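A short write-up of the structure that comes next.
Owing to the predicted nature of the structure, the values given are computational and were not obtained by experimental measurement.
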Amino acid sequence: MRYGEFWIFASLGIFLFATGTSLNAKDVAGYAETAIVYPQGFSVQTKLDTGADNSSISTKNPEFFMRDGVKWVRFQVTNQEKETATFEQAVTRTATIKRHNDKTQERPVVRMGICVGEVYREVEVNLVDRSGFNYPMLIGRNVLEDNFLIDPGQQFLLKPACRLEN
C-alpha cells in the first residue's frame, strides 16, 4: 500500500468511527416496494417514508370489539390488485398524530409482521384511511431503520423473501 492510499483508508476509518457509520451491507430499496403483511401473509404495495416514525395501513370503518377483556379491531385492507384481506388484531394503544395542518388525529395501533425484501419486523402499525394516497401502506422508520438505504429515484427493487420461524 502506498503512502497516499494509506491516508485515504485511514481518513475513511476516522470518518466512519466519528459518525458512527458502519460498512455493514444494507439492501437498497426504492421509494415504493411490495411488502407482505402478517399474520395473513397479504401482499401490498407500500411507500417507504424515512420521515415517518411509524408505519400505517389503510382501512375504512374498522370494527372494535372486546375479546377476553381486551380491545380488538377487525379491519379490511385492499391492495392495488383489488384483493381484500380481513385482519383481527388486539389494539395495543391509541396514537395521537399531529398533522401538518396543526390538527391532531387519534389512530388505533396494532402489532403486525411486515416483510420487505429479506427483512421481517414485528412492529406497531396505525390504522388510517389512506384511500386518497397511491399506496395503501406507508412503512416508516420502525421498519426501515438499520435495514435499508432508500433510493428515491427507484421503485420495486426488492421481492419479499422472508423466512419466518415457526
Side-chain angles (χ1 to χ4, degrees), residues 26-165:
K26 294 181 182 181
D27 288 331
V28 175
Y31 74 89
E33 292 292 342
T34 299
I36 304 293
V37 183
Y38 294 91
Q40 273 68 358
F42 186 64
S43 177
V44 63
Q45 290 182 349
T46 66
K47 179 182 177 193
L48 308 187
D49 187 348
T50 60
D53 290 332
N54 295 301
S55 301
S56 60
I57 197 162
S58 185
T59 189
K60 292 182 183 180
N61 305 315
E63 301 172 29
F64 297 94
F65 61 97
M66 297 299 286
R67 180 179 288 164
D68 299 325
V70 176
K71 185 176 182 179
W72 281 61
V73 62
R74 182 179 302 110
F75 60 98
Q76 292 186 328
V77 177
T78 302
N79 63 17
Q80 273 78 358
E81 290 79 31
K82 304 300 181 208
E83 301 166 326
T84 299
T86 300
F87 293 80
E88 285 188 4
Q89 301 291 120
V91 176
T92 59
R93 66 185 179 91
T94 300
T96 302
I97 308 296
K98 184 172 177 8
R99 304 295 302 249
H100 54 271
N101 59 6
D102 290 332
K103 293 185 179 180
T104 59
Q105 184 180 49
E106 300 289 316
R107 296 182 187 171
V109 177
V110 298
R111 283 194 71 76
M112 301 179 86
I114 299 174
C115 171
V116 178
E118 295 182 357
V119 174
Y120 177 81
R121 300 284 303 266
E122 288 188 15
V123 297
E124 289 189 335
V125 177
N126 64 67
L127 307 180
V128 64
D129 182 358
R130 291 183 50 82
S131 59
F133 293 93
N134 291 333
Y135 301 99
M137 185 169 196
L138 181 136
I139 294 184
R141 289 192 307 270
N142 64 346
V143 174
L144 301 173
E145 193 171 57
D146 299 326
N147 293 310
F148 300 99
L149 296 174
I150 310 300
D151 182 345
Q154 299 290 322
Q155 60 182 347
F156 306 112
L157 300 176
L158 305 173
K159 300 255 187 277
C162 297
R163 296 177 191 232
L164 303 180
E165 302 294 324

Contact between [X] and [Y] at the side-chain level, heavy atoms closer than 4.5 Å - yes or no?
| X | Y | result |
| --- | --- | --- |
| Thr34 | Ser43 | yes |
| Asp27 | Asn147 | no |
| Phe87 | Met112 | yes |
| Val116 | Pro160 | no |
| Phe42 | Ile36 | no |
| Arg121 | Cys115 | no |
| Phe75 | Lys60 | no |
| Arg74 | Phe65 | yes |

- request: Given side-chain contact (heavy atoms from CB on, under 4.5 Å), test Val28 with Leu157 step by step and report yes or no.
  value: CA-CA 8 Å; Val28 175; Leu157 300 176; 4.1 Å; yes
*Going by atom types only, do Thr78 and Thr84 share a side-chain donor-acceptor pair under 3.5 Å?*
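Indeed, the side chains of Thr78 and Thr84 share at least one donor-acceptor pair under 3.5 Å.
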Checklist entry - Side chains of Glu33 and Tyr31: do they bring a donor and an acceptor to under 3.5 Å? => result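 Glu33 vs Tyr31: no donor-acceptor pair found between side chains.
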Margin query: If you apply the rule side-chain contact (heavy atoms from CB on, under 4.5 Å), what do you find for Trp72 with Val91, and how did you get there?
Written below: CA-CA 5 Å; Trp72 281 61; Val91 176; 5.7 Å; no
Hey, could you give me the [atom1]/[atom2] distance between [X] and [Y], rounded to the nearest 0.5 Å?
| X | Y | atom1 | atom2 | result |
| --- | --- | --- | --- | --- |
| Asn79 | Thr46 | CG | OG1 | 12.0 Å |
| Met137 | Gln45 | CE | CD | 13.0 Å |
| Ser56 | Phe133 | OG | CZ | 8.5 Å |
| Gln40 | Thr86 | CD | OG1 | 8.0 Å |
| Leu138 | Asp49 | CG | CG | 4.5 Å |
| Thr59 | Arg107 | OG1 | CZ | 12.5 Å |

Is it true that a side-chain atom of [X] and a backbone atom of [Y] form a donor plus acceptor pair closer than 3.5 Å?
| X | Y | answer |
| --- | --- | --- |
| Gln80 | Asn134 | yes |
| Asp68 | Val70 | no |
| Thr92 | Val109 | yes |
| Ser55 | Ile139 | no |
| Arg141 | Thr50 | yes |

Using a strict 4.0 Å threshold on nitrogen-to-oxygen distance, state whether Arg163 and Glu118 make a salt bridge.
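Looking at Arg163 and Glu118, the cut-off is not met.
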query = Does the distance from a Lys or Arg side-chain N to an Asp or Glu carboxylate O, for Arg111 and Glu124, drop under 4.0 Å?
reply =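 Between Glu124 and Arg111 there is no salt bridge, as every charged N stays at least 4.0 Å from the carboxylate O atoms.
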What verdict does the side-chain hydrogen bond (donor to acceptor under 3.5 Å, both in side chains) test give for Thr94 and Glu106, after you've listed the backbone C-alpha separation in whole Å, the side-chain angles of each residue and the deciding distance to 0.1 Å? CA-CA 6 Å; Thr94 300; Glu106 300 289 316; 5.4 Å; no
Can you see which heavy atom on [X] is nearest to which on [Y], and at what distance?
| X | Y | answer |
| --- | --- | --- |
| Val110 | Ala90 | CG1-O, 3.5 Å |
| Pro136 | Arg130 | O-CD, 3.7 Å |
| Tyr120 | Gly113 | OH-CA, 3.4 Å |

I'd like to know whether Val128 forms a side-chain contact (heavy atoms from CB on, under 4.5 Å) with Gln105, so could you lay out the CA-CA distance, the side-chain angles of the two residues, the decisive distance to 0.1 Å, and finally the verdict.
CA-CA 10 Å; Val128 64; Gln105 184 180 49; 4.0 Å; yes
Inset, instruction - Please step through side-chain contact (heavy atoms from CB on, under 4.5 Å) for the pair Val125 and Asn54, ending with a clear verdict. - result: CA-CA 7 Å; Val125 177; Asn54 295 301; over 6 Å; no
